[in-house]
Novice: 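Attaching a single structure in structure tokens format; questions to follow.
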2 protein chains.
Amino acid sequence: MPTTLPMSAYVVLGLLDRHPGATPYQLDQHIRGSIGYFWSFPRSQLYEEAGRLVRHGLVVEHQERGGRRRRTLSLTDEGRRELRQWLTTPTQAVTEIHDEGLLRLYFQSPDFADAENNGDAVGRLAAEQIQAHGARLAEYEGLVASGRLGAGSPQRATLEVGLRFEQMIIGFWREIAAASTYPSEPTR
Amino acid sequence: MPTTLPMSAYVVLGLLDRHPGATPYQLDQHIRGSIGYFWSFPRSQLYEEAGRLVRHGLVVEHQERGGRRRRTLSLTDEGRRELRQWLTTPTQAVTEIHDEGLLRLYFQSPDFADAENNGDAVGRLAAEQIQAHGARLAEYEGLVASGRLGAGSPQRATLEVGLRFEQMIIGFWREIAAASTYPSEPTR
DNA sequence: GGGTACATGTAATCAGTTACATGATTTA
DNA sequence: TAAATCATGTAACTGATTACATGTACCC
């Protein structure tokens, strides 16, 4: 077994610790609307991940014969050990903010603040991003309001970062939008 | 050609627009210390990406015969068109904050704020994260101070998000640490 | 002129995604 | 009970990462 597994593996281990006997499909449901906001992967990967973890002896699966042939998954002792270990060993991995809007901003031409010159591409980008992040923020607020997350739970704490990020980025794009509509260095 | 390319493709197109004739190796240099903070991939992928873009007719390459057999890359007209189009078409993709520290926090047991109960795993995690994000913040501040980014440039604007994110997340982990007993960093 | 660090590329492997297929359940 | 929807899985393909190999310059 490799010394370090891909993140999807730890997500599966972590979820199985909380929800023993879940099927990959059910894991997918848990992921969407929670940790999937931060680190997502398609459902099919959960099947592959499950297979890999079984091969590594960290998970056992039991597949129904006939019908839907569901695979129910549970951690082995070694899987639990691996999870505990991952949770407690220091990481030196750094954060990446995967955001297509930011990437597009980065590659705008240097005169991007000059709306006349570029058909206000940045103004449009900003407007679209404000809208998209507003929707995301509302989703997060809905989650909090739903009360499904314990007040001091690690899930609630993690979501807090999502909330603060969305507030921050909305403010950022508003500033960009303002500079785009009213260029600070007008062409003349 | 697929209607939508992977992000690494747009990064290569965007960089080649600014640095025509660059080699994959040189692109790697540009990426590290700039957009790579947000969206990174290993150098070898730039070779593969270059090959793919050439196959799609978006890039032309010229490989030295003998010696290091460098490949210099440039956009074709169609490559430029593809880049312009990507820069101006609306995206519905959402942000993902890939952060291993947050993921670990998410999977802590519910009593995570109770340091007695878990060997203060969370306190350690928070301390480590405060340290790591402090270093990252310092790097960003160094970039700004270096003056290599134009004051109103899109690169500077993008970096601003990095700066605000790091400040936000450091504040977050300080709060987490405060709820735990492991000695926290002095406030800077 | 031999060692060290930098520059460059390729091949093999592994992970992730898309597209598809089928079984079960609800509801008009 | 047919149509629609939800649940579940697999296979084929594409993308990403690791490991390796070699070339060039620098410097003592």
Side-chain angles (χ1 to χ4, degrees), chain A residues 1-13 19 21-33 35-36 38-56 58-59 61-73 92-94 96 98 100 103, chain B residues 1-13 19 21-33 35-36 38-56 58-59 61-73 92-94 96 98 100 103:
Chain A
M1 188 177 58
T3 51
T4 171
L5 300 168
M7 279 310 122
S8 51
Y10 296 112
V11 169
V12 168
L13 292 176
H19 309 284
T23 67
Y25 191 90
Q26 292 171 323
L27 293 179
D28 180 59
Q29 314 275 292
H30 283 296
I31 289 169
R32 286 165 30 173
I35 196 63
F38 289 79
W39 219 313
S40 78
F41 19 70
R43 191 171 48 83
S44 73
Q45 196 178 338
L46 298 176
Y47 289 95
E48 196 194 323
E49 201 58 72
R52 188 156 46 214
L53 292 172
V54 167
R55 284 198 299 281
H56 290 156
L58 306 180
V59 162
E61 76 175 1
H62 173 256
Q63 183 160 25
E64 285 177 357
R65 304 164 49 91
R68 293 189 178 179
R69 319 205 313 134
R70 277 197 204 83
R71 298 175 176 191
T72 58
L73 309 168
Q92 79 299 350
V94 292
E96 292 193 13
H98 283 202
E100 211 175 315
L103 210 53
Chain B
M1 188 177 57
T3 50
T4 173
L5 300 167
M7 279 310 123
S8 51
Y10 296 111
V11 170
V12 168
L13 291 176
H19 309 284
T23 68
Y25 190 90
Q26 292 171 323
L27 292 179
D28 180 58
Q29 314 277 291
H30 283 296
I31 289 170
R32 285 164 30 176
I35 196 64
F38 289 79
W39 219 312
S40 79
F41 21 69
R43 191 171 49 83
S44 73
Q45 196 179 337
L46 298 176
Y47 289 94
E48 197 195 321
E49 201 58 71
R52 188 155 46 214
L53 292 171
V54 167
R55 285 199 298 283
H56 290 155
L58 306 181
V59 162
E61 77 175 1
H62 173 256
Q63 183 159 24
E64 283 178 0
R65 304 163 49 90
R68 293 189 178 179
R69 319 204 315 133
R70 281 196 201 84
R71 297 175 176 192
T72 57
L73 309 168
Q92 79 299 347
V94 293
E96 291 192 13
H98 284 204
E100 212 176 313
L103 211 52

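Excluded from the calculations below are hydrogen atoms, water molecules and symmetry mates; all remaining heavy atoms, backbone and side chain alike, are included. Nothing here was measured: the structure is a model prediction, and the numbers come from that model.
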Novice: Between R71(B) (CZ) and dG23(D) (P), how many Å, whole number?
Specialist: 17 Å
Novice: Taking atom P of dG16(C) as reference, at what distance in whole Å does atom CD of E49(A) sit?
Specialist: 7 Å
Novice: Under 4.0 angstrom, heavy atoms only, what part of the nucleic acid is R52(B) near: base, sugar-phosphate, or nothing?
Specialist: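 R52(B): backbone/sugar contact only, no base atoms under 4.0 Å.
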Novice: Rounded off to whole Å, could you give me the CD-to-C1' distance for the E61(B) and dT10(C) pair?
Specialist: 13 Å
Novice: To the nearest Å, how far apart are Y47(A) OH and dT18(C) C1'?
Specialist: 15 Å
Novice: Output the rounded distance in Å from CG (L5(B)) to P (dT18(C)).
Specialist: 13 Å
Novice: For dT10(C) and S44(B) - does any side-chain N or O of the residue sit under 4.0 Å from the phosphate oxygens OP1/OP2?
Specialist: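 S44(B) to dT10(C) OP1/OP2: no side-chain N or O under 4.0 Å.
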Novice: Heavy atoms, side chains only, cut-off 4.5 Å: are H30(B) and H19(B) in contact?
Specialist: yes
Novice: I need the CG-P distance between L46(A) and dA7(D), as an integer number of Å.
Specialist: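 About 15 Å, once rounded to whole Å.
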Novice: Should R43(B) be listed as having a side-chain N or O under 4.0 Å from OP1 or OP2 of dA19(D)?
Specialist: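 No, no such contact exists.
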Novice: Using a heavy-atom cut-off of 4.0 Å across all strands, would you classify F41(B) as base, sugar-phosphate, or nothing?
Specialist: sugar-phosphate
Novice: Expressed as a whole number of angstroms, how long is the span from Q29(A):CD to dC6(D):C1'?
Specialist: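 These atoms are roughly 9 Å apart.
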Novice: Quick one: on DNA chain C, does P24(B) or E48(B) contact a more 5' nucleotide (nearest heavy atom)?
Specialist: P24(B)
Novice: Mind checking whether L5(A) and H56(A) have side chains closer than 4.5 Å, heavy atoms only?
Specialist: yes
Novice: Return whichever of Y25(A) or P42(B) has its heavy-atom-nearest nucleotide of DNA chain D closer to the 5' end.
Specialist: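 That would be Y25(A).
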Novice: What is the distance from atom CD of E49(A) to atom OH of Y10(A), rounded to the nearest 0.5 Å?
Specialist: 10.0 Å
Novice: Can you tell me which residue among V11(B), T23(B), L73(B), D28(B) is in a side-chain contact (heavy atoms from CB on, under 4.5 Å) with L46(B)?
Specialist: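 Only one of V11(B), T23(B), L73(B), D28(B) forms a side-chain contact (heavy atoms from CB on, under 4.5 Å) with L46(B), namely D28(B).
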Novice: May I ask you to verify if any side-chain N or O of Q45(B) is less than 4.0 angstrom from the OP1 or OP2 atom of dT17(D)?
Specialist: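 Checking dT17(D) against Q45(B), a side-chain N or O does come within under 4.0 Å of OP1 or OP2.
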Novice: Measure CZ/R32(B) against P/dA7(C) and give the value in whole Å, please.
Specialist: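 The answer, rounded to whole Å, is 10 Å.
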Novice: Over all heavy atoms of both residues, which pair between W39(B) and E96(A) is shortest? Give the atoms and the distance, please.
Specialist: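 Nearest pair, atom of W39(B) first, then E96(A): CA-OE1, 3.6 Å.
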